[in-house]
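Below is one structure, written out as structure tokens; comments come after it.
Chain A is the first sequence line, chain B the second, and so forth, proteins listed ahead of strands; every chain is numbered from 1.
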Amino acid sequence: MIRKFKVSQTSFHISCTFLHKKVSHFVQHHPKNQKGNEAVVFSNKCFYPDVYTCTKTIQSYVRNNRADDALKLFDEMPVRDVVTWNTMIKGCLDCGNVEVAFKLFDEMPERNVVSWTTMVSGLLMRGMMDVAECLFMEMPMKDEAAWNSMIHGYFINGKVEEAVRLFHKMPSRSVISWTSMISGLDQTGKSDEALFLFKHMLLCGVRPTSMTFSSVITACANVKNLHLGREIHGHVVKLGYFSDTYITAPLITFYAHCKDIDSCCKVFNEKAHDSVVVWTSLLSGYGLNCKHEHALEVFSDMFKANVLPNQSSFTSALNSCCELEALDRGKEINGAAVKLGLEADVFVGNSLIVLYTTCGNINDGLSVFKVIAEKNIVSWNSMIVGCAQHGYGTWALILFNQMIRYEVSPDDITFTGLLSACSRSGMLNKGRHIFNFLLNYKSVKVKLEHYACMVDILGRNGRLNEAVELVKNMPMEPNTSLWLALLSACKVHSNLKLAETAAEAIFNIDPNCSAAYTLLSNLYAFAGRWNDVSRIRGVMKNKGIMKEPGLSWVNFKGSRHEFLSGDRSHPMTTEIYEKLEWIREKLKGLGYVPDQMFALHDVEDEQKETSLLYHSERLAICFALICSVEGSTITVMKNLRVCGDCHSVIKLIAKIVEREIVVRDSSRFHHFKDGFCSCCDYW
DNA sequence: GTAGGGTTAG
């Protein structure tokens, strides 16, 4: 009887009768190796197949994450050669068992250049630069592969200069050395230099391989070099590399970066693809070009083509949902991720946090955050920024304390999130504490936006003099955003003198800053200085500076329903205005009197809307009340900040209809419930 | 026949 056991690419015909006679415990397991073939485990102490077969089995074990079985077989083998030792060392390094790899490397009777290179590469992959460098220095002989390993390792550890130095120092260079350099430079943000080196390589007469072209096309994408990219495209077609997924995917990405979506489709449609990477290239290509509906169509088509999306596909699709504010579709995709076992994936999770928090659903964002198995800095930052957007300052600080306990190092984005959380929650002392912590935290460089946040915190809390002192003493030049934070604070605390100084500083940087003109005009209006109001409006008119019209919208059943102030264009206008009238009566019953200041004096932040009653957000809320399920939370988006009167009215509406109303304005989220708003009237 | 070096989407 002949049974056929396939090991790696080779087929073995083993006589089972023969083996059964000599081996007491024969086949225990049949681990699948990468090729899907079967390997056989021999653990008998009397007989072992030849060294070659055992070595292949060790390799299969390692590829199936069964390092312990690999080590057991290795220990039991009566005879090993240098290849067996090297295979076992590589297996230990791949599984992260550096200690055992070192032990084997020390114990092995005879080392060759492969043993040394295996150790060096493995250590470099694990970021152990110093040890790898020492071993590389100690190598008794170095061939080209050894030099190439070290160059690649320097790049993956961000040591660009060292990689370049070694490349020039190495005795001879092959196309692999050149390709390592090109991809390494590209991946460390030096795509221009990568392309320069590619041209130099051609001048040196080195023939590129498909791998070289793959990296070169990616570099062309990163620098948006349409001319060179097209030229390379022509070459790869002539050379027959076109069906190579390592060529197709970067080509699609290249055309997407160059905003040539037609060419993306053309490349994609050349043949049927079963590569998830190629599909994801197209999906993200549409996203890059703001064609998010198309992106989501590609995501659906993947399933129809029996190509299962992976974490990258989900990340791109969820990003498109976020851009479309398509919460319902995002939830469906979340469900698909759960079905595919990607629920705890950090990349998918991070995208979901951003989606949920951006669409007003902070609690779902937090649920996703909790499920992520290995949270990274992006997870923590996304959650902290999400809390900041919703004004959940205390939560943001709790998360910060947790991340410190988990020994995750905060970065500049963490501190921007924390400071804006303090600002939006009115937490003056906590904000000061965080800012001082940042000033003394050596690992993060303090940026302009951190100062802008601190100016905002101080300004909102009426500490205008302190804010001015901070601006005077900061180590960099303030920008318009920072001055606008101060100007806004001047408006809240009616400090016209300082406002004029801030506005002047803004106009020196940006003479057409619409927001500054509007804020200043509103300040003059509050002070009753109508001549100055007219003067500012005159300047704006002469300069052709337009105020952005107030626009609110509701996403309902996959469509976006937009409303301008006093809008009557929506098909449900009659019902909306009836609802509005119903609310007006109810408000009257509660004794509500409109604050005419908001209507008469153009005091709304950026925009005067003709009548308080018909402000865009009120129309959007009425539409949402009519269309949504009774009792459910409704979410409304607005491009400008909610005006003070609308803010008071929405609090009452939430109480009247006994529902939570979430409003995302240009500043933050407001959660209205039971007559209160989560911003505590501080926004 | 087995071991070490370069490539794609996010």
Quiz item: Counting just side-chain N and O atoms, does A:H152 come under 4.0 Å of either OP1 or OP2 of B:dG5?
Solution: no
Quiz item: NA contact type, A:T179, heavy-atom cut-off 4.0 Å: base, sugar-phosphate, or nothing?
Solution: base
Quiz item: Considering the options A:E162, A:E161, A:E133, A:K159, which one meets the side chain to side chain donor-acceptor pair (under 3.5 Å) requirement together with A:Y154?
Solution: A:E133
Quiz item: Within this structure, what is the CZ-to-C1' distance between A:F299 and B:dA9, rounded to whole angstrom?
Solution: 14 Å
Practice problem: Would you mind classifying the nucleic acid contact of A:S275 as base, sugar-phosphate or nothing, using non-hydrogen atoms under 4.0 angstrom? | Solution: nothing
Quiz item: Are A:D301 and A:K304 ion-paired here, with the side-chain N under 4.0 Å from a carboxylate O?
Solution: yes
Quiz item: Any side-chain N or O of A:Q187 less than 4.0 Å from the OP1 or OP2 oxygen of B:dT8?
Solution: yes
Quiz item: Which part of the nucleic acid does A:D244 contact within heavy-atom distance under 4.0 Å: base, sugar-phosphate only, or nothing?
Solution: nothing
Quiz item: B:dT2 P sits how many Å from A:L73 CG, rounded?
Solution: 18 Å
Quiz prompt | Base B:dT2 paired with A:Y52 side chain (donor-acceptor, <3.5 Å) | solution = no
Practice problem: May I ask you to check whether A:H292 and A:Y286 place their ring centres under 6.0 Å from each other? | Solution: no
Quiz item: Counting just side-chain N and O atoms, does A:S183 come under 4.0 Å of either OP1 or OP2 of B:dG6?
Solution: no
Quiz item: Can you tell which of B:dT8, B:dG6, B:dG10 lies closest to the side chain of A:Q311?
Solution: B:dG10
Quiz prompt | Shortest side-chain distance from A:V277, nucleotide among B:dA9, B:dG4, B:dG5 | solution = B:dA9
Practice problem: Using a heavy-atom cut-off of under 4.0 Å over every strand shown, decide if A:V175 touches base, sugar-phosphate, or nothing. | Solution: base
Self-check item: Atom-pair distance (OH on A:Y154; P on B:dG6), nearest Å
Solution: 16 Å
Quiz prompt | Nearest-Å distance for atom pair CG/C1', residues A:L123 and B:dG4 | solution = 13 Å
Practice problem: Check the side chains of A:N148 and A:S177 for a donor-acceptor pair under 3.5 angstrom, ignoring hydrogens and angles. | Solution: yes
Quiz item: To the side chain of A:A145, which of B:dA9, B:dA3, B:dG5 is closest?
Solution: B:dG5
Self-check item: Separation of B:dG10 C1' from A:N222 CG (nearest whole Å)
Solution: 13 Å
Practice problem: Taking only the side-chain heavy atoms of A:V114 (C-beta and beyond), determine which of B:dG5, B:dG4, B:dT2 contains the nearest atom. | Solution: B:dG4
Quiz item: Sequence neighbours excluded, which residues qualify as ring-ring contact (aromatic ring centres under 6.0 Å, His included) partners of A:F155?
Solution: none
Quiz item: NA contact type, A:V216, heavy-atom cut-off 4.0 Å: base, sugar-phosphate, or nothing?
Solution: nothing
Self-check item: Touch class at under 4.0 angstrom, heavy-atom based, for A:D143 against every strand present
Solution: base
Practice problem: Apply ring-ring contact (aromatic ring centres under 6.0 Å, His included) to A:F347 and list each qualifying residue two or more places apart in sequence or on a separate chain. | Solution: none
Exercise. Pick base, sugar-phosphate or nothing for A:T245, based on heavy-atom distances below 4.0 Å to the nucleic acid.
Key: base
Quiz item: Would you say a side-chain N or O of A:T118 is under 4.0 Å from OP1 or OP2 of B:dA3?
Solution: no
Quiz item: What integer distance in Å separates A:N148:CG from B:dG4:P?
Solution: 14 Å
Quiz item: In whole Å, what is the span from the NZ atom of A:K56 to the C1' atom of B:dA3?
Solution: 10 Å
Quiz prompt | Short N-O contact, A:K291 and A:E323, less than 4.0 angstrom | solution = no
Exercise. Have a look at A:T117 and say if it touches a base, only the backbone sugar-phosphate, or nothing, with a 4.0 Å heavy-atom cut-off.
Key: base
Quiz item: Hey, does A:T209 reach any base, or is it just sugar-phosphate, or nothing, if we go heavy atoms under 4.0 Å?
Solution: base
Self-check item: Touch class at under 4.0 angstrom, heavy-atom based, for A:T315 against every strand present
Solution: sugar-phosphate
Quiz item: When you measure from the side chain of A:S316, which nucleotide among B:dG5, B:dT8, B:dG10 comes out closest?
Solution: B:dG10
Quiz prompt | Nearest-angstrom distance from the residue atom CD of A:E144 to P of B:dG6 | solution = 12 Å
